[in-house]
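Residue numbers start at 1 and run along the sequence shown. In listed order, ligands and their atoms are each counted from 1.
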Amino acid sequence: MSDGVYNIMIIGSGPAGLTAAIYASRAQLGPVVFEGTEPGGQLTATMEIENFPGFPDGLKGEDLMQSFRRQAERFGARIIPKTIEKVDLLERPFRAWDGDGQLYRSHAVIIATGSSYKWLGLDSEQKLLGHGVSFCATCDGYFFREKEIAVVGGGDTAMEEALFLARLGSKVTVIHRRNQFRASKIMGDRVMEHPKIGVKWNSSVEEILGDPETTGVTGVRIRNTSTHEEEVVPCAGLFVAIGRSPNTAMFQGVLDMDRNGYLVTGPGNAGTSIEGVFACGEAQDNTYRQAITSAGSGAMAAIDAERWLAEIEVI
Ligand code: NDP
């Protein structure tokens, strides 16, 4: 930092943000990281990570993110437990304000604000999160081998989750609020033709049943939206796949985004539509959404930022 201006400001502290921080701090750029509302990102809500290379025995999402954090701090990253709520990227140095109105300035910005799963909004969903309620089949599906599983949603994500889970579970029930999928026909057909997958149409989830301390999820109480009849679908796992949204509202009208609000980067690099502003992780990725791919894109963003700072002769 010189004259109160950081070299790099990183907004977000999931795998993308903290990997960017590790790379930027090892390059002696003294980055500042704003943790945001979910320190460590979504991974901290995952039961156990078994697909992050280098950890053959698996580990808790929380523990993995603590390691990322320690590694970033070891090389001098400054991690601030604040959320950036406003930015001005139209002039350099870039400016950002936290929730208390405190101003921060930096030469380069790395956006790693991630995305958020949409929730059903049920109390029981909160209560049983990590005890049978999950938002990610790739992450948690393995825990429900040979068990009954339910998936809520009718889009491509729900179809993909159901097809993936059908390889693991004894039976999968897709619960959808309408009588037609939103998903592409090919994905919907695959689900409907699958011998292990059944569909509950016109059904809304009223309550997720089970006890977080003892049984975990035991079933889902659903209501038919036409007949109003209720029934219980027994299951050990409920995957909520009703869409997600990137946390990019703050950049609306400033940075280029696709129609779903994902920041446009590249091609082949982490640059956004404003020079000196880089993006990584799920704020710009609607396709892969894995801790490892987010971390990889965080490294790209830090390397791109470092090269850009050298080019404009800040460092
Ligand atoms: P979508 O927005 O496409 O679908 C969300 C689904 O959840 C819809 O069926 C919607 O119902 C349902 N839903 C939304 N809110 C609620 C709620 N509160 N209660 C119950 N159900 C709800 O999101 P996806 O994540 O599925 O997909 C996002 C984008 O990514 C899409 O463009 C998709 O095509 C793409 N994608 C592509 C893939 C592929 O090609 N392999 C894989 C995954 C995603 P309703 O239909 O009634 O609105």
> Between Arg145 and Tyr142, is NZ or CZ placed under 6.0 angstrom from the six-membered ring centre and within 45° of the ring axis?
Replying inline: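 That pair qualifies as a cation-pi contact.
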>> As a test of understanding, state which of Leu238, Val232, Val220 forms a side-chain contact (heavy atoms from CB on, under 4.5 Å) with Leu209.
In response: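 Passing option: Val232.
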Could you pull out every donor-acceptor pair under 3.5 Å between side chains of residues 294-308 and any protein atom, sequence neighbours left out?
unit_1	atom_1	unit_2	atom_2	d
Ser294	OG	Gln290	O	3.3
Ser297	OG	Gly281	N	2.7
Ser297	OG	Ser294	O	2.9
Asp304	OD2	Ala270	N	2.7
Trp308	NE1	Glu275	OE2	3.1

> Sequence neighbours excluded, which residues qualify as salt bridge (Lys or Arg N to Asp or Glu O under 4.0 Å) partners of Glu148?
Replying inline: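 For Glu148, no residue satisfies salt bridge (Lys or Arg N to Asp or Glu O under 4.0 Å) once neighbours in sequence are set aside.
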Return all side-chain donor-acceptor pairs below 3.5 angstrom for residues 180-193, not counting sequence neighbours, or 'none' if the list is empty.
unit_1	atom_1	unit_2	atom_2	d
Ser184	OG	Asp156	OD1	2.9
Lys185	NZ	Asp189	OD2	2.5

For ligand 1, find each of its N or O atoms that sits under 3.5 Å from a protein N or O atom, and tabulate the pairs with distances to one decimal place.
unit_1	atom_1	unit_2	atom_2	d
ligand 1	9 (O)	Gly154	N	3.0
ligand 1	9 (O)	Gly155	N	3.3
ligand 1	11 (O)	Arg177	NE	3.1
ligand 1	11 (O)	Arg177	NH2	3.4
ligand 1	25 (O)	Thr157	OG1	2.6
ligand 1	26 (O)	Asp156	N	3.3
ligand 1	26 (O)	Thr157	N	3.0
ligand 1	26 (O)	Thr157	OG1	3.2
ligand 1	34 (O)	Asp156	OD2	2.6
ligand 1	41 (N)	Glu160	OE2	2.9
ligand 1	46 (O)	Arg178	NE	3.3
ligand 1	46 (O)	Arg178	NH2	2.8
ligand 1	46 (O)	Arg182	NE	3.1
ligand 1	47 (O)	Arg177	NE	2.9
ligand 1	47 (O)	Arg178	NE	2.7
ligand 1	48 (O)	Arg177	NH2	3.1
ligand 1	48 (O)	Arg182	NE	3.1
ligand 1	48 (O)	Arg182	NH2	2.7

> Relative to the ring of Trp119, is the ring of Phe135 parallel (under 30°), tilted (30 to 60°) or perpendicular (over 60°)?
Replying inline: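 Phe135 vs Trp119 ring planes: tilted.
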